[in-house]
Amino acid sequence: MTAATHSSLFPQVPESADAVLDGLDPEQREVATALHGPVCVLAGAGTGKTRAITHRIAFGVRAGILQPSSVLAVTFTNRAAGEMRGRLRELGAGGVQARTFHSAALRQLQYFWPKAVGGDLPRLLERKIQLVAESAARCRIRLDRNELRDVTSEIEWAKVTQTVPSDYPAAVAKSLRDAPRDSSEISQIYGMYEQLKRDRAVIDFEDVLLLTVGILQDRHDIADQIRRQYHHFVVDEYQDVSPLQQRLLDLWLGDRDNLCVVGDASQTIYSFTGATPDHLLNFRTRHPSATVVKLVRDYRSTPQVVHLANGLLSQAHGRAAEHRLELISQRDPGPEPSYTEYADEPAEAEGTARRIRELISEGVPAGQIAVLYRINAQSEVYEQALADAGVPYQLRGAERFFERQEVREAGVALRGAARAGGNDSLLDDAEDLPSQVRAVLSTKGWTTEPPAGSGAVRDRWESLAALVRLAEDFTRARPGATLTDLVAELDERAAAQHAPTVQGVTLASLHSAKGLEWDAVFLVGLTEGMMPITYAKTDEQVEEERRLLYVGVTRARFHLALSWALARSPGGRATRRPTRFLNGMRPGSTAAGARGAGGQGGIERGAGGRRKRRGPALCRVCGKTLTDAGEMKLMRCEDCPSNMDEGLYERLREWRAGQAKLLGQPAYCVFTDKTLMAIAEAVPGDERELSAISGVGGRKLDRFGTDVLAICAGQELDEGEDED
């Protein structure tokens with residue numbers, strides 16, 4: 001065995017405690033030697049936080065300051081805990097407990113249950129979804145497969161935030177969560193679920209923490225026994241702790257303060273699960289004597305990638321932004337991040353696949369390349385593009401598109417309709433292939449408008465909507481194609497995915513990419529409505545979307561590509577605009593601050609909403625003189641990129657349809673499409689700004705102004721208000 005092989009696969013254990021500190025930078029060394037009292041490590045992406053805390057534990061053990069059995073290190077995934085244990089063994093600190101919160105709590109619960117309660121610990125429920133389904137049935141509430149998953153997630157959120165069933169509706173309202181069902185219904189299901197667990201003497205994953213907390217609160221003798229066992233605690237990814245996990249940590253500690261926490265508020269992206277960075281941000285307040293160390297030397301990414309990451313956070317708002325870390329790259333310079341605008345989504349996917357093939361031919365391993373997107377439903381077009389390009393890929397954190405339950409069910413339904421042909425009553429009113437597909441998939445959950453909020457119901461709808469779009473694109477490419485032709489096309493696409501995926505390009509959502517890194521990262525689909533996602537309504541939710549993009553950027557070591565498409569499909573209207581988060585950073589953009597199109601394009605708004613012409617109307621994008629009435633209304637050429645808020649535009653269209661129905665008039669009598677587009681681009685904040693938009697006269701302002709301004713402000717309209 002050569003020395004090189006020995007050092008890479010079987011690293012030698014450091015000869016002494018001081019040798020453990022070799023190779024640490026000054027800040028990492030400060031972490032490693034701060035072994036007494038509370039310590040807070042604010043560690044930016046790629047700054048070697050795991051290295052710092054494992055060397056800290058190992059140095060304390062090797063110096064005789066810490067006993068291995070007295071240290072408990074907790075993190076959030078089994079992978080991270082396993083990695084920590086492996087590093088500690090390599091440093092000569094075997095015997096230290098490195099576990100997840102749940103693993104540590106379960107171990108204690110199993111040991112102390114006979115003493116605290118008596119008898120055997122109740123059986124652990126491995127899959128709670130079946131019991132949730134039974135609970136819903138007993139409450140006479142019908143849930144489909146996806147609603148069942150979402151309600152199960154809501155129960156998990158309620159438990160980690162220590163919310164009992166009766167308090168769930170109030171907690172949802174306070175947190176501004178988008179509940180998948182009426183909160184009172186979920187409260188009923190949650191209550192019945194807890195009752196059934198008690199009746200059957202079973203506990204779930206969250207109960208492991210709740211019961212451990214309960215025992216430690218009620219039995220001081222048991223709490224004291226655990227405190228005699230563990231004297232020193234380390235918590236990784238501290239920005240992701242839930243209120244319940246923090247309560248357990250407090251009980252483990254008692255009145256002691258030998259605690260080291262590590263985290264980065266700028267990587268808080270799991271608030272929907274109950275995680276909160278407040279404990280990290282309040283650490284100095286709770287522990288005034290704490291040692292605070294900031295790790296900002298980024299060893300992962302090039303200066304070019306780090307510059308973009310810092311730029312993203314420089315525009316952030318809110319409490320987490322006040323504690324952002326300015327990273328400093330320690331790597332040699334690399335290529336500048338690329339920003340690419342495509343005409344449509346297929347072109348974006350094909351362009352991405354083409355660039356990936358070039359990187360592979362240049363020597364970048366396929367396994368060191370990732371394509372990251374906001375939601376799993378975006379994967380299909382990239383799966384197809386990579387398959388067409390002969391590039392192997394693997395999906396992380398999601399099933400392959402054609403293996404998803406809803407896609408398989410849709411395929412069965414479409415095959416059945418194709419075989420039935422004209423004998424299927426579903427297709428009686430369907431005049432073309434896309435309308436036939438819409439009719440069939442409407443029985444599987446597809447609707448013309450997406451469901452509110454996120455979760456499994458939304459994911460299912462996105463998958464079915466992708467099939468509808470595929471049918472529309474297929475028809476444009478092959479006029480006269482039949483349902484049978486489409487089914488054959490779907491079969492071919494599914495078959496193309498069976499290529500080997502070992503060492504392939506990773507396709508993953510941004511959430512599932514947390515904690516990983518690649519040589520080359522492609523961030524795709526970066527348009528308003530997707531980043532930030534349409535259902536991010538509050539300032540806090542939008543800021544979490546910004547942090548999600550930051551996490552995506554900081555996954556890249558060397559190559560970083562950012563892209564977006566102006567239209568969904570070939571030949572579609574180019575109404576999309578790049579994400580606001582890149583304003584001031586991508587070429588040709590200006591820093592965030594200006595809102596909508598106000599004050600641009602040769603029109604100055606005076607008092608009372610009157611418009612004053614300052615010369616010829618010029619396109620605010622390319623500067624060309626405008627003559628078409630529709631273009632003058634938008635103050636841009638029809639073909640120039642739009643900064644329209646697509647989500648707002650769709651909400652306005654939905655509202656307009658309701659108004660037209662009430663009035664018994666065509667939709668354009670309320671507002672034309674161009675006027676709605678102009679409103680969605682300008683996002684007026686008051687009557688003066690709204691009246692300045694062409695097509696919004698005094699009569700329409702009086703009749704519809706209040707509703708339109710409320711929609712622009714993100715407010716929900718009551719049905720009664722619409723009718724009034």
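Because the structure is predicted, anything quoted here is derived from the model rather than measured.
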*Asks:* Heavy-atom distance under 4.5 Å between the side chains of P570 and D344, does that happen here?
*Replies:* yes
*Asks:* Evaluate the side-chain proximity of Y339 to L308: yes if any heavy-atom separation is below 4.5 Å, no if none is.
*Replies:* yes
*Asks:* Below 4.0 angstrom, N of the basic side chain to O of the carboxylate: do E409 and R460 qualify?
*Replies:* yes
*Asks:* I'd like to know if the side chain of E689 reaches the main chain of G685, judged simply by a donor and an acceptor atom lying under 3.5 Å from each other, with no hydrogens or angles considered.
*Replies:* yes
*Asks:* Measure across A265 and L280 and return the closest heavy-atom pair with its distance rounded to 0.1 Å.
*Replies:* N-CD2, 3.7 Å
*Asks:* For the atom pair NZ (K294) and OG1 (T47), what is the distance rounded to the nearest 0.5 Å?
*Replies:* 13.0 Å
*Asks:* Tell me whether Q541 contacts the main-chain N or O of K537 through its side chain, where contact means a donor paired with an acceptor under 3.5 Å.
*Replies:* yes
*Asks:* Test of understanding: with ring-ring contact (aromatic ring centres under 6.0 Å, His included), list the residues that count as partners of Y270, not counting sequence neighbours.
*Replies:* H511
*Asks:* Got a sec, which residues hit side-chain hydrogen bond (donor to acceptor under 3.5 Å, both in side chains) with R297, two or more places apart in sequence or on another chain?
*Replies:* E27
*Asks:* Within the side chain of T268, is there an N or O that forms a donor-acceptor pair under 3.5 Å with the backbone of P277?
*Replies:* no
*Asks:* Given side-chain contact (heavy atoms from CB on, under 4.5 Å), test L42 with L295 step by step and report yes or no.
*Replies:* CA-CA 6 Å; L42 301 176; L295 302 183; over 6 Å; no
*Asks:* Going by the rule side-chain hydrogen bond (donor to acceptor under 3.5 Å, both in side chains), which residues pair with K444 if we only count those two or more places apart in sequence or in a different chain?
*Replies:* none
*Asks:* Ignoring hydrogens and geometry, is there a side-chain-to-backbone donor-acceptor pair from Q378 to I375 under 3.5 Å?
*Replies:* yes
*Asks:* Where the side chain of Q239 meets the backbone of D264, is there a donor-acceptor pair that is under 3.5 Å apart?
*Replies:* yes
*Asks:* If only atom types and distance count, is the side chain of T675 paired as donor or acceptor with the main-chain N or O of F671 below 3.5 Å?
*Replies:* no
*Asks:* Could you go through the side-chain contact (heavy atoms from CB on, under 4.5 Å) check for T527 and R577 one step at a time?
*Replies:* CA-CA 6 Å; T527 60; R577 56 184 173 131; over 6 Å; no
*Asks:* Which residues pass the side-chain hydrogen bond (donor to acceptor under 3.5 Å, both in side chains) test with D473, sequence neighbours left out?
*Replies:* R476
*Asks:* With a 4.5 Å heavy-atom cut-off, do R580 and R546 have their side chains touching?
*Replies:* no
*Asks:* For the pair R478 and E489, evaluate salt bridge (charged side-chain N to carboxylate O under 4.0 Å, His left out) and give the outcome as yes or no after the intermediate values.
*Replies:* CA-CA 11 Å; R478 292 180 55 183; E489 171 71 11; 5.3 Å; no
*Asks:* Sub-3.5 Å donor-acceptor pair from the side chain of D298 to the main-chain atoms of I328, do we have one?
*Replies:* no
*Asks:* Working to the nearest 0.5 Å, report the span between CG of L386 and CG of L507.
*Replies:* 5.5 Å
*Asks:* Give a yes or no answer on whether the side chain of S301 reaches the backbone of A556 with a donor-acceptor pair at less than 3.5 Å.
*Replies:* yes
*Asks:* Output, in order, the C-alpha distance, side-chain angles, deciding distance and verdict of salt bridge (charged side-chain N to carboxylate O under 4.0 Å, His left out) for E358 and R355.
*Replies:* CA-CA 5 Å; E358 292 172 359; R355 178 57 184 143; 3.1 Å; yes
*Asks:* Could you walk me through whether S435 and D432 pass the side-chain hydrogen bond (donor to acceptor under 3.5 Å, both in side chains) check?
*Replies:* CA-CA 6 Å; S435 60; D432 54 16; 2.6 Å; yes
*Asks:* Could you list the residues that satisfy side-chain contact (heavy atoms from CB on, under 4.5 Å) with E646, not counting sequence neighbours?
*Replies:* T575, R576, M644
*Asks:* Ignoring hydrogens, what is the shortest heavy-atom contact between L676 and R653? Give both atom names and the distance.
*Replies:* CD1-CG, 3.9 Å
*Asks:* Do L312 and M585 make a side-chain contact, defined as non-hydrogen atoms from C-beta onward lying under 4.5 Å apart?
*Replies:* yes
*Asks:* On a heavy-atom basis, which atom in T448 and which in W461 lie closest, and how many Å separate them?
*Replies:* O-CZ2, 4.4 Å
*Asks:* Testing L510, V524, V381 for side chain to side chain contact (heavy atoms under 4.5 Å, CB included) with Y373, which one passes?
*Replies:* V524
*Asks:* Quick one: pull up OH in Y382 and OH in Y393 and give me the separation to the nearest 0.5 Å.
*Replies:* 14.0 Å
*Asks:* Just jot down the ring-ring contact (aromatic ring centres under 6.0 Å, His included) partners of Y649, sequence neighbours excluded, or say none.
*Replies:* none
*Asks:* Give, for atom CG of L549 and atom CG of L372, the distance between the pair rounded to the nearest 0.5 Å.
*Replies:* 10.0 Å
*Asks:* Looking at NE2 of H307 and OG of S314, how far apart are the two atoms once the value is rounded to the nearest 0.5 Å?
*Replies:* 8.5 Å
*Asks:* For E540, does the CD atom have more than 12 heavy-atom neighbours from other residues, nucleotides or ligands under 6.0 Å away?
*Replies:* no
*Asks:* Show which side-chain atoms of residues 560-568 pair as donor or acceptor with protein atoms under 3.5 Å away, not counting sequence neighbours.
*Replies:*
residue, atom, partner, partner atom, Å
S563, OG, E348, OE2, 2.7
W564, NE1, E341, OE1, 2.9
R568, NH2, E472, OE1, 2.9

*Asks:* I'd like to know if the side chain of T534 reaches the main chain of M530, judged simply by a donor and an acceptor atom lying under 3.5 Å from each other, with no hydrogens or angles considered.
*Replies:* no
*Asks:* Could you pull out all residues at least two apart from V551 that satisfy side-chain contact (heavy atoms from CB on, under 4.5 Å)?
*Replies:* Q267, I269, K514, R555
*Asks:* Evaluate T506 against V371 for side-chain contact (heavy atoms from CB on, under 4.5 Å), listing each step before the verdict.
*Replies:* CA-CA 6 Å; T506 298; V371 179; over 6 Å; no
*Asks:* Not counting sequence neighbours, which residues clear side-chain contact (heavy atoms from CB on, under 4.5 Å) with E336? List them please.
*Replies:* Q304
*Asks:* Measuring only between side-chain heavy atoms, which start at C-beta, is L490 closer than 4.5 Å to L467?
*Replies:* yes
*Asks:* What heavy-atom pair brings S266 and L313 nearest, and what distance separates the two atoms?
*Replies:* OG-CD1, 3.4 Å
*Asks:* Once side-chain hydrogen bond (donor to acceptor under 3.5 Å, both in side chains) is applied, do any residues pair with S271, and if so which ones, sequence neighbours excluded?
*Replies:* E544
*Asks:* Are any of the side-chain heavy atoms of W655 and V708 separated by less than 4.5 Å?
*Replies:* yes
*Asks:* Heavy-atom distance under 4.5 Å between the side chains of E528 and P578, does that happen here?
*Replies:* no
*Asks:* Does any pair with a residue in residues 516-526 pass salt bridge (Lys or Arg N to Asp or Glu O under 4.0 Å), and if so which ones, sequence neighbours excluded?
*Replies:* R300-E517, E517-R557, D519-R557
*Asks:* What closest approach, in Å, do A43 and L325 show between heavy atoms, and which atom pair accounts for it?
*Replies:* C-CD1, 3.7 Å
*Asks:* In sequence, state the C-alpha distance, the side-chain angles, and the governing distance for L548 and F581, and then conclude on side-chain contact (heavy atoms from CB on, under 4.5 Å).
*Replies:* CA-CA 11 Å; L548 188 57; F581 299 145; over 6 Å; no
*Asks:* Enter the distance from R374:CZ to L526:CG here, rounded to the nearest 0.5 Å.
*Replies:* 11.5 Å
*Asks:* Closest approach of A471 and V437, non-hydrogen atoms and distance?
*Replies:* CB-CG2, 3.7 Å
*Asks:* Which side chain to side chain donor-acceptor pair (under 3.5 Å) pairs, counting each pair once, include a residue from residues 318-333, with sequence neighbours left out?
*Replies:* N282-R319
